[in-house]
Structure formats: C-alpha cells, structure tokens
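All of these numbers come straight from a predicted model, not from anything done at the bench. The sequence lines fix the lettering, A, B, ..., with proteins before strands; numbering per chain opens at 1. In what follows, every heavy atom counts, from backbone to side chain, and hydrogens, waters and symmetry copies are set aside.
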Amino acid sequence: MNTFKEAVHSLWSSKQRTLLALLGITIGIASVIALISVGSLVEREAMKQFEALGTDFLLINFYPENSDAGRFPVVTDSHVNGMENEVEMISMAAPIVEAFGEPIYRGKKIDTQMYGVNSSLAQVHRLTVEEGRFISDADGNSQYCVIGANVADELRQYGPEQLIGEQIRIDKRIYTIIGTLARMPEGGIMGFDANTAFLIPMQAAGRISGNKSIAVVHARNNKPGQTDLLREEIDNYYKSQLDNIRTEVETAEAIIKQMEKQSKMFTLMLAAIGSIFLLVGGVGVMNVMLVSVSERKVEIGIRRAIGARQSEVQSQFLVEAIVLCLLGGLLGVIFGVLSSYFVARASDWEFFISGNAILIGVIVSSVVGLFFGFYPARQAARLDVIDCIRGS
Amino acid sequence: MSSVIKIENLFKSYYLGPVKLPVLKNISMEIFPGEMVSLMGTSGCGKSTLMNILGLLDKPDEGQYMFEDESVLAADDNRLSIIRGRKIGFVFQQFYLLPKLDIVNNVALPLTYQKVSTRDRRNRAIEYLEKVGMGEHLHHKPKELSGGQQQRVAIARALVGNPSLILADEPTGALDSRVGQDILDTFIRLNEEEKITVVIITHDANVARQCKRQIRMKDGKILPAENYKNEP
C-alpha cells in the first residue's frame, strides 16, 4: 500500500513526464478497446438480422444430379407439401418460383425483386399484411400482387395514398395490387428481403418465366443443431420422389457459425493491430522510466544507504510503471468506449459496453507495465550505491 | 566491552585501466560504543574509501571487518541493507534529503524499510526532529530550509532508526564555519547526552580536534598517534 502511495506521489511530482508516458499507453489501450468493441458491435449487428428471422430458418435449392443428363427435374407444390409431411424436422415450408420482369407503375420503373409464392410464405417469414390481403392458394394464376413496405413507399411517391386496386404492368400483363406488407424490422436475410419484395401467385410466375419448377424452398426446422441430419433427410426425400436431383440446404445456423468464425478472426486481427499500438506505448513507458531512473540516481543511492534492499528499490520502480500503465489503461478504456460509442451512433448500431473490453484493458495495461517496467526497475535496483551518491 | 567496529588488515585498490592504485594499505582499527572519533586526512588519502567500507557500501579486497561481532564481508546485499538500515545512520556533506518529500517524511524514510507502522514512523520522526531543534518545520520541503537546517534534518534521519553508529562524511563541509560549528556541537551533545557513537570523516583539523579521539590517515595508512603533532 505504501509503495503504491509513494508511486502515485512520485508520478504526481513529475507531471509532465508522467503525462508523456501516459499518452502512448492511453492511445494503445484506447485503440485496442475501440477496435475490440467496434468488432463486437458489428458482430451483434449482423446477428440481429438472423435473430429477427430466427435461427431455425433454412433454404433448399434444387440442382440436377447430372447436368448433362438432359431433363431437369421439375419440383412441384405437391413435392414440397409431401416433404412437410414426411421430413419430421421440417415444421413448415414455402415454395418459391423464380420470376423475372420489370414492374412499371404509371410509366416509372419500380425497384423490386419478384417472387412467385403461395400463402405459406407469410408463415415462414412471419409476414404481416398492412392493407388488403396476402396471396391465397385460391388465387391460381390470377394477376394479383402483394408488395413490400419499401415498394409501397416508392409507389406512393407517384400516386395515391391508397394502393389497393392500383395496377402495375410487367411486360404486357397487368397486375392488381391486393395487399401491402407491414415493414419488417430488419432487411434482407439469405437473399430474401420482404421490404423490397414483389409477390405474385406461383402459377402466375410460372407463366412469366415459362419454368414451372420450384427454384427454392424457404422453410423452418424444429430441431436446431442437427444440420447434417437435416440435409440428409431432405436430400433423401427428394431423391425418392424425383430422378436426377440433388439438393443444397443452407441453414441460418450454419451461416451464423461461419459468421462467428469470421468475426473472431476479425477481432483477432483488430487485437493484433491494437497490440502494435500497445507495444509502442510500452516502449514509451520503458523510455520514460529509464530516464526517471537516471535522473533519480541520487534518490536511489540515498534510499539504498538508509536501508532499502535491491528488491525494495526494484518494486518501487515497478509499481510506478504499473501505476502509470494502469492510469493510462483507465484513460484508454474511457476513450476507447467513448469512440466506439460514437462509431455506433454514426452507424446507427445499438451500443453496448463490453465488459470483456474493460477487463482486457485493465489486465493488458498491468501486464504492459510489468513487462516494460521490469527492465528499468532492475537497472535501478542494480545501480552501484557509491556511484549514485558520489556521482552527483 | 565489545567494539562497534573492528577492522583488521584492510587492503583496497582501484584499477585505472591496467594500473593498480592501492588506496587502503593494511588498515586496522577498532571503535567502541559511545566514542566520538574523527577520521582525518587530506583529499586522496583514502578516507572516503574507508568510510564507504565502514558504511557497508563497498567491500575491501582483503582483510577482516566485524560490525558488532558480525563478520560483514561475507554477508549478502540483503543482509548489508538491513544492517545499514538498522545499525548505521549516514550524514552526508550534501545533506541528501529527498526534495519531493517534506521534512517529516524525509526523517521517517528509513523506518519505511523497517516495516514500522505509519503512525509510529511519524511520531518517531517528530521526536527526533525536536531533538535536533527542527520541531517547528515539520511540513517544509528541504529547499525551503537553510543548509544548516537541512543538515539538522539529515541528522534526525540518521538517528531515527536508533542506530549503533553515526557515520558523518564531511558534515560541515558545505556550511559556513559558524553554522558548521553548530552542527558539530549537535554531534557533541548527542554523543555526550545520548551516548551515540559518532564517526566524523573530515579534512578540517578544527573539526577533528573537537572529537574525543582522532584518527589520521595519509597515503592509505593510519598514522600512529604520536605523529599527529607534525601533521598540518
């Protein structure tokens, strides 16, 4: 305790030098903290997109087993229904038929993504209708459409507040708006963004593209954590139904795992960059401590003459270096958290203080102090007492 | 009565490159409790080297040194630090107070290395400051005091650990003669009233003369007592 008080006292009495030494270590710790916490903010933000939709979400894509074999398999609505019944791990599934075209409203091109769907898409994606109704299975190939919130906003710029019943032209066909979707909290996930979607009945889509086969199935599974088994069961089911077919299943879970891995790498890289700053800061502390030792030779000589052991002189200087680094670390934590707060605000991310970052700041700065303070402290302890006293 | 210091046949040389410079040549002496001894000689006679060895800051090349019956030449640095802290009080020509600490904390400093509690350190520091007539200046910094006052504080610091021996190296050397005499009187009083053993290293014959016993050095040797009258 006493050594600590003395260290604070000594640092306080040479403020200018202390400030200089602090600067390096503060910048070092601040950058480590800022980098790490910005890293975890990014991670949290990316995860939120998945959490909004649910980690049980999955996509099934279909491919011919052998693309030279001629006929492509045609996956139909009834195959998807069959899968819902036979593959127990699938709790619900929504088939999607590809459709291409440029929707035009009152002469203006609309920025949107077209999908041929049936009523089950609303359950799988937890969509709610704002106005009108969703596509129903009774719509057949009626030329109706349901539009996402962003699309609705765009249309309102050119026309009336009330969009139900308005007409949109795609090539030579006219589609009537029967519903608009409530805004989804988060944007796209795995290629599907309800806010920019333009949904038409599956059969109608088949007529536009000329391809009746279902291109992709959006589904949810009820047994998370068994991705491999899920893949196998789905593949087996379609193989039992169709020739020359192969499925690829992407699960939100697998993607999250991949993202977690990437973000760990990212954080690691940021930490490595931060460590370089810390190294520079640490060398600064060592330099300042070495200067301090040579300026205080007389003091060291006096202390040794009146009974201080080598170890006591060493710990005096070591504690000083550690206190210095901890002080720098504390300031660094404050600046680091503040700057990640501003980054979060500027990027419109949710801000949180990572307890880990603070812990890391405190531990790392003491370790830096210990490491870079050791050499100067040992120098101080090993000085020749007579040289110290007579040298002045 | 056993001696505080007993040295026998001390030799010490320094090397200037390949040239060997003998500094102490076969020094023997004994100092007893309650003595007040001056160690006098011109500069370069080896008295500073002897003082460093007596104060356990340096070691001789050859010889024996018993400090209160303990052979100190074999002791390690830790043991030497402990003996310095508890049994020897140093007074230097340049006072050597720590400029950042106030007077009380300067005097209490040796006690921090003896694991004395904060309250006891403070009380003992004040007690010894009063003994040397500095009880009024407890919270001044050294630079706010005159040279004579600073040397009094240094004496209080040397006394605070209740040592067996005070080693004073030219204690009056940086002071004018009136103030120097004052400091010397303080040593004389402490020796007479408190029976404190004092060794004063000096080149000043006037200072040496006022000590009960005088030891004179020349060219690294102690001169026999009968020769003193012939020396300047």
Side-chain angles (χ1 to χ4, degrees), chain A residues 1-19 21 288-289 291-320 323-324 377-392, chain B residues 12 14 48-49 51-59 75-102 105-118 121 141-142 154 156-161 163 166-167 169-170:
Chain A
M1 199 55 214
N2 240 303
T3 328
F4 174 77
K5 255 162 84 181
E6 254 189 66
V8 171
H9 192 92
S10 162
L11 291 170
W12 179 249
S13 53
S14 45
K15 296 176 205 60
Q16 201 175 15
R17 190 165 57 204
T18 303
L19 206 70
V288 164
M289 289 308 295
V291 171
S292 169
V293 168
S294 75
E295 275 182 8
R296 287 157 69 190
K297 271 188 168 176
V298 175
E299 176 191 331
I300 295 164
I302 295 166
R303 286 177 184 271
R304 295 275 287 131
I306 64 177
R309 297 181 223 181
Q310 283 187 334
S311 58
E312 285 163 327
V313 170
Q314 178 160 339
S315 58
Q316 182 195 340
F317 280 86
L318 203 54
V319 167
E320 233 175 274
V323 168
L324 191 65
R378 209 180 57 158
Q379 294 279 91
R382 291 187 173 184
L383 284 173
D384 186 77
V385 186
I386 298 168
D387 285 348
C388 287
I389 294 178
R390 307 264 175 233
S392 68
Chain B
K12 176 84 181 173
Y14 289 114
S48 286
T49 304
M51 140 108 187
N52 289 340
I53 291 172
L54 292 181
L56 305 177
L57 299 173
D58 201 355
K59 288 191 173 183
D76 66 5
D77 190 81
N78 266 351
R79 179 69 194 146
L80 293 179
S81 301
I82 291 170
I83 299 173
R84 276 201 302 271
R86 302 189 179 213
K87 301 194 169 175
I88 303 176
F90 287 93
V91 177
F92 301 100
Q93 182 176 4
Q94 300 299 334
F95 327 133
Y96 282 153
L97 300 173
L98 296 190
K100 291 166 194 166
L101 300 183
D102 67 12
N105 281 312
N106 257 292
V107 173
L109 196 61
L111 301 178
T112 62
Y113 297 114
Q114 295 175 33
K115 315 281 178 264
V116 177
S117 77
T118 311
R121 289 205 301 261
K141 292 280 170 69
R157 180 180 65 187
L159 291 170
V160 77
I166 296 283
L167 265 183
D169 183 14
E170 303 277 9

Practice item. Take B:D77 and A:R304, measure what side-chain contact (heavy atoms from CB on, under 4.5 Å) needs, and give me the verdict at the end. Key: CA-CA 10 Å; B:D77 190 81; A:R304 295 275 287 131; 3.0 Å; yes

Review point. Going from CD on A:E299 to CG on B:L101, what distance comes out if it is rounded to the nearest 0.5 angstrom?
Key: 7.5 Å

**Study point:** A:K297 atom NZ, over 12 foreign heavy atoms within 6.0 Å
**Key:**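 Counting other residues, nucleotides and ligands, NZ of A:K297 stays at 12 neighbours or fewer.
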
Check your understanding: Can you name the side-chain contact (heavy atoms from CB on, under 4.5 Å) partners of B:A154, sequence neighbours left out?
Key -> B:L97, B:Q151

Review point. Can you name the residues that form a side-chain contact (heavy atoms from CB on, under 4.5 Å) with B:I82, not counting sequence neighbours?
Key: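 Counting only residues at least two positions away or on another chain, B:I82 forms a side-chain contact (heavy atoms from CB on, under 4.5 Å) with A:R309, B:R79, B:R86.
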
Check your understanding: B:L98, B:T112, B:L57, B:N52: which one forms the most heavy-atom pairs within less than 4.5 Å of chain A?
Key -> B:N52

Revision key, fill the gap. Comparing B:L56, B:N78, B:N105 against chain A, the one with the most heavy-atom pairs below 4.5 Å turns out to be B:N78

Point to revise | Proximity breakdown for B:D58 and chain A, heavy-atom pairs closer than 4.5 Å | key: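 Both backbone and side chain.
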
Exercise for review: Using non-hydrogen atoms and a 4.5 Å limit, figure out which bit of B:N106 sits close to chain A: side chain, backbone, both or neither.
Suggested key: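 Neither the backbone nor the side chain of B:N106 comes within 4.5 Å of chain A.
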
**Study point:** Residue part contacting chain B, namely of A:R296, when any heavy atom lies under 4.5 Å
**Key:** side chain

Practice item. Would you sort out whether B:R157 and A:I302 count as a side-chain contact (heavy atoms from CB on, under 4.5 Å), showing the intermediate values? Key: CA-CA 11 Å; B:R157 180 180 65 187; A:I302 295 166; 3.5 Å; yes

Practice item. Would you please test B:K115 and A:E312 for salt bridge (Lys or Arg N to Asp or Glu O under 4.0 Å) and show each step? Key: CA-CA 12 Å; B:K115 315 281 178 264; A:E312 285 163 327; 3.0 Å; yes

